[in-house]
Amino acid sequence: MPLGGPDITDSSADKDAPAIELENITKSFGPVRANDGITMRVERGSVHAIIGENGAGKSTLMNILYGIYHPDSGEIRINGTACALQSPADAHHAGIGMVHQHFTLVEPFTVLDNILLGFENGAVLARPRRLAARKLEAIERDYGLSVPLDAVVSELPVGMRQRVEILKALYRNAEILILDEPTGVLTPLEVEQLFQIIERLKGQGKTILFISHKLGEVMRIADRISVMRGGKLVADREPDATNASELAELMIGQKLAAAVDRKSLSVGQTLMALEGISIPPAEHRSGLHDISLEVRSGEIIGIAGVTGNGQTELLEIIGGLRVPASGTLSLGAEVCAAPDIVPGAVDLRKKGVGFVAEDRLRMGAIGAMTATENVILGYHGRPPFSRHGCLQPRAMRNACARIMADNDVRPQAPNLPLDNFSGGNQQKLVFGRETDHGPRLFILGEPTRGVDIGAVQRIHNTLISMRNAGGAVLVVSSDLDELLAICDRILVMFEGRIVGEMLAGDTDIAAIGLMMAGQNPDDPGEEARNDG
Amino acid sequence: WGADFKTAIIYDLGGKFDRSFNEAAYRGAEMFRQETGISYRDFEPTNEAQFEQALRRFARRGNDLVIAVGISYAVPMRNVAREFVDQRFVVIDARVDAPNVQSILFKEHEGSYLVGILAAMSSKSGTIGFIGGMDIPLIRRFALGYREGARSVTPGIKILENMVGTTGAAWNDPIKGGELARSQYSRGADVIFSAAGPTGLGVIQAARDEGRLAIGVDSNQNHIQPGYVLTSMLKRVDLAVYRALMSALNGSWTPGIEVLGLAEGGVDYALDEHNAALISEEMRAAVEAAKAAIISGQVVVRDAMAGPGGTEH
Amino acid sequence: MADLYLDILILLDSALRLATPLVLAALAGLYAERSGIVDIGLEGKMLGAAFAAAAAAAVTGSAWMGLLTGVGASIALALLHGWVSIHQRGNQIVSGAAINIIVAGLAPTLANHWFHLNGQTPLLSGDARFQALIWPGVDAIGNLPVIGPLYAEVISGHNVVTYIAILSVPIAAWVLYRTRFGLRLRAAGENPEAVDTAGISVYGLRYRAMIINGVLCGLAGTALSTGLGAAFVRDMSAGRGFLALAAMIFGRWKPVPTLFACLLFGFVDALQGRLQGVELPLIGEIPFQFTIMLPYIFTVIILAGFVGRIAAPRASGIPYSKEG
Amino acid sequence: MTAERRAVALPAWATSGLLPVLNLAAAFAVSGLVVWAIGESPLEALKLLLYGAFGYGEAIGYTFYYATNFIFTGLAVSVAFKCGLFNIGGEGQAMMGGLGLAVVAIGLDGWPPALVLPAAVLGAAIFGAAWAAIPAWLQARRGSHIVITTIMFNFIAASLVSWLLVGVLKAPGSQSPESADFPEAAWLPKIHDLLAGLGIQIEGSPLNLSFLVALACAGLVWFFIERTKWGYEIRVVGGNPGAARFAGIPITRTLVLSMLIAGGLAGLMGLNELMGLQHRLIANFTMGYGFVGIAVAFMGRSHPIGIVLAAILFGALYQGGAELAFEMPTISRDLIIAVQGLVILFAGALEHLFRPQVQALFRRLGALGEAHG
Ligand SMILES: Nc1ncnc2c1ncn2[C@@H]1O[C@H](COP(=O)(O)OP(=O)(O)OP(=O)(O)O)[C@@H](O)[C@H]1O
Ligand SMILES: Nc1ncnc2c1ncn2[C@@H]1O[C@H](COP(=O)(O)OP(=O)(O)OP(=O)(O)O)[C@@H](O)[C@H]1O
Ligand SMILES: [Mg+2]
Ligand SMILES: [Mg+2]
């Protein structure tokens, strides 16, 4: 075992048995049968992918395997021995590590302390901190994961936090590593790096459980693919013996909706213009430097970039949450934001701008409120939702029912608190809220993060139809496939600047990937191996 | 003899065992019970709304005499007395003009005057202290009488004054009382008079800890720390209650306003075995002389609560 | 000049005494909140401990027995709050408020039942009470200029609980930031899921925090009735639990700043007593009510002017459960 | 671990009816132990308590009279809480509200009741609201933690009122800190007088018009919070300030608004205590009702109906408790306070105590039903 960290692996196990065997696992939450008689084998030293729609029960199954949830019935065998995994501690002992879909990091702690938590090796921290730092530096070197150990997590961008989670599991020497939608937040480059890590781990005989909504990734990395639907395991496939459309069909139980055709349009008038917008950089944040761009009717513009290179700030400016230090933002002929003009989000919405925030739970919705109450957020002050200051419950109910139906939100329960919907369904609801008002200009951050492919298709179709009808869309996404699939123009951001702009037809992933990493694809000298 | 004599007593918010004012009333009632064998009912209200309620309830049950103790009973007593015209009431410390109410008031300033004299005479530093619970009219009366008494002995004497707080907690905070006392002691005071209910226990404790003197209030508190309590300003609520009960029993009870000062034995200073050593013959002579002078009317102690015109009672 | 110096020393001395229960209670609140449990029941635990300590000291004649009993009573109350907050996932604010009220009623009831001094315990004297500890060499050092009075007035001459209170601040800082327990405790208050997925029991951590909370509140209460005072008196905590809570927030849930917040409260409180009845130039004598409100106004001004935004431990007050 | 742990959805009547009743029973059971320990009969005590709270007209009047205070202070806590603010300042806000109405009532001496009453109500609400708005503004703009500032403002209010009551507002000749009597035009009519006017005779009690005002406030608060856009904004800010910002909701304004309403409600407590009963301003008339409001708000799950019910429960405890202490001299007022605390603990903080048992019961009943059906 080349890497450090505490040795907690149970070595008494049967060497030939599969790493994981699940026998008839069933788990219900009240009336919801999240896992229904799941039987599955995961071979040692393999990458085993699990795919399925939002709410299919993937995370539940993984949480059971990690000791967080306890199955109502069924048996788990690790390396041939039956295990009653009562808690994550038991899972650690069985050699299981997990990177959660929602990070389990302590935000005010440093990276180092986060990794140390639970594996301190000593009651007083000074020495363990030193030793762990040394080991972690070695791990980072080996896997090309660079994370500043003494940075405070709350100041790290999402992609970096993901790496902290992986580092945490590696530090704990997991023999079986569960990655629940690890690529959702990563850039292509980071995905590449992750895949290399996964390959390396596999090479060392470790077992990886990999959950993703992106079939391309799954086809590439997995040795075996399990498909879940409605809590049941519906299929098991080798990647060689299947293809993406079969998998998609297995997942959603029917054929995927066809993509909407993109009408060829000539771009129209400028709906929004940014002129020389700047924001001073802050710690771990690049700020913005002299950003100028125009969004015109009839086009979808994509902003690509590694998270933390100014996209968040850009969205904040456009969303009316921040005043630029210099420069102006204008809608049509009117200047809406400038150093001396404080923008108003409500005003912007009134002018026909729709927003989907990057971080839906932090910015876009209120978990404790019902779906109905969430679908009026931002539009609550005007008809039909509010008349003379009074809310109109009937109009709210109607809107919610419509949005739920149009966007296939499950369950269709308008009075359920938002917290009780899965993340994907929350996203559908937020997306539906913003499209329901027919925005002329639509600004989106990571619109399909964590959303299953059926829903992704629906969202993309909606955006393209909007464009076809002469609307304008600005999408910030770290998913290049997505941008390439829907955009007319792609801008690349790096360290707070726009470093490249290209028409979608003219380019490919590799070129954009290089620009996102701060390199000029036209300069062959720089194009050396950059990803270890 | 009086077998069916029924009586009830209602205390102030401070509660029956506040070690000063209400407790004195309780002791008066006990004195009556022991002497006559007639028991009584009593009640400790927890908020002002219960004042009227309790008065009314006792009145309705046909008591021979209902006694309420405390300045806050003025209005409730007025209301209930109007309603139950055949019921006899006594209210202590408040003034109610009604044909069926006897109001008993005290000249606290006269008693305070006497302990002021003793404080000034026993002070070696020329600085004495006063600690009141809250800055309310009643406490101002204590403070002014004390000041006048001390100045009558040493005109230029320095008097440090503190109030504990502005909420009800001020009467139940011996820690704060002790701290204020320590501060006064360290600034030179060697005798402190506290008129602050249980908070005063902290003052007496501080006197013990610092080896200085304190003056108790309402009840005789000399025994709490013998040798460290110079004297106590007695307010004979016990006597007032006892007398009212006796007069009601033997039929001599009359309504009206009764003001008990030194002359009537309503206020006094305490002298017993616990502080005998602290009061010199000379001090005793001086304080007795002042007492006589006040009783005879030669000396009139200013009353903080009187209007500019003179005493109100 | 020398007079002013001495005046300040006397104020500091007083501030230290007044701050003793505040420091202990504020640290108690700090441990609880850092672990994710909001505790507005500091007041009640302090009062309960004050009663138990005074009662035991009165019966046994030993202040140390009093301390043990006071701490024991406070731990019992802290565990009750812990059980409600942790296992029952109850509302922590209601639970804290309930404990305050229960103790405010129960302590005098028991005092009456046992001592028949209605609501109070017998006065303590001698060994039944923590006496001021006079440090060695006070006579010799005390005569030195400048340092002498500082040593004699401020440093020497407090009871043992005051020294414990001061000492528990660096200990708390060390525990929270330098030990495994502290790391886990803080994590439990920020993101219990992270603790849980690391295989550590969130419940266990929170109960342990509540035990420490109980010990500290117990010390605070003991200081009230057997150190600073000499008996239990009804409601003698007089709002100090809430003030301690304020000091903890003021100190941003950090031990050393919390200490300074408590000392500041203590100092301003002592200062307001000192300013009562003093003629100030130009203004004249300030009414008592205004000097008494001085510490509170002062706190508000400092908070508004200098402290800035304060963020509580993120998970504090939220019951934790894994499966909804 | 499996079968028992599986959640059974309980019907609404069980969660909001059966469980609270069980909790209340548990609180009384524990209190009964204490009563038994001091040598009295718990059953007798319970009977006295219930009779004292609801047994006859005057008792009911007093119960609702106390409940009026708690409705006001409970609503004050809950409206602030909806906006994510923990308002411990009910006590001070009520105090200032009392000052406001006293100033108006005394200042408008000689005016007719039709003018004085609404003006005094307004005075109370405005003073209370203003007193609450300062901490809210400080929190929003300067980040001053509202828990501290409202605690401090309680003390400051008490000092301020106490200063006025020994100064300009002092009633001549009074020994206690209290104002002169309000003119009769500023007395709120008692309910028994009002009903007598309609020919209905009930026993007299301090219950007065302000109880109806309190009920109206509960209704208005519900409507405002649930059905208006400002109430919605308050809930959004309380639920997720980030989302509120993103939706263009002005955070500072919303925080201040919620505290203005909260303070105004707390300020109205003076209607009951001062205009309804005392007819003058007295120092410390708030008697800790502001703090009890915290328990009432949370016991009532921050819902106006819940708050009214919790307030009535507390009113019953205050009134029945006084009666109990009155009738059973061995039961002191301290013990009554302890019982109140136990009720708060069981009914307010231990809501899940009997849930597993009740769920098990329902499951068994459900299973039986299936077997038979
Ligand atoms: N703690 C819980 N309480 C109640 N229901 C739950 C809980 N966890 C999961 N569920 C239910 O179980 C179902 C499966 O959820 P799960 O998170 O496993 O889906 P998933 O496959 O991970 O979906 P996604 O792709 O969105 O991550 C959901 O429909 C959800 O309603
Ligand atoms: N306390 C609860 N009561 C009811 N349902 C719950 C509860 N907690 C979680 N859930 C549901 O469990 C499901 C899984 O929760 P989780 O947070 O893992 O969703 P998710 O994995 O984020 O979904 P997605 O993958 O689409 O983002 C969700 O549907 C959520 O609504
Ligand atoms: Mg999932
Ligand atoms: Mg999920």
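Note on naming: letters A, B, ... go to the chains in the order of the sequence lines (proteins, then strands), and numbering restarts at 1 for each one.
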- Item | Within-4.5 Å side-chain heavy-atom neighbours: B:V229 and B:I215 | no

- Answer yes when B:D173 and C:R240 have at least one side-chain N-carboxylate O distance shorter than 4.0 Å, and no when they do not. yes

- Heavy-atom donor-acceptor pair, B:S219 side chain to B:Q221 backbone, under 3.5 Å: no

- Message: At a heavy-atom distance under 4.5 Å, which candidate from B:T167, B:T199, B:T166 has the highest pair count against chain C?
- Response: B:T166

- Message: Measuring only between side-chain heavy atoms, which start at C-beta, is C:L22 closer than 4.5 Å to C:F265?
- Response: yes

- Could you check which of C:S125, C:S14, C:P21 has the highest count of heavy-atom pairs closer than 4.5 Å to chain B? C:S14

- Item | Salt bridge B:K235-B:E108, side-chain N to carboxylate O under 4.0 Å | yes

- With rounding to the nearest 0.5 Å, note down the distance linking OG1 in C:T291 to CD1 in C:I286. 6.5 Å

- Item | Carboxylate-amine/guanidinium contact B:K16 B:D42, below 4.0 Å | yes

- Options C:D235, C:L224, C:V278, ranked by heavy-atom pairs under 4.5 Å with chain B, top entry: C:L224

- Could you have a look at C:P287, C:G229, C:G277, C:G273 and say which one has the most heavy-atom pairs with chain B under 4.5 angstrom? C:G273

- Where does B:Q225 contact chain C at under 4.5 Å (heavy atoms): side chain, backbone, both or neither? side chain

- Let me know if C:D269 has heavy atoms under 4.5 Å from chain B in its side chain, its backbone, both or neither. side chain

- Note on the structure: Only one of B:D238, B:T231, B:D272 passes side-chain hydrogen bond (donor to acceptor under 3.5 Å, both in side chains) with B:N220, and that residue is B:D272

- Note on the structure: Ordered numerically, the heavy-atom neighbours of chain C under 4.5 Å found in residues 202-210 of chain B are B:Q205, B:D209

- Heavy-atom contact with chain B under 4.5 Å, split by part of C:I10: side chain

- Message: Looking at B:R302 and B:E148, is there a salt bridge between them, counting it only when a charged N and a carboxylate O are closer than 4.0 Å?
- Response: yes

- Can B:R33 and B:E30 be counted as an ion pair, charged N to O under 4.0 angstrom? yes

- Between B:S183, B:S186, B:A169, which residue shows the highest count of heavy-atom pairs closer than 4.5 Å to chain C? B:S186

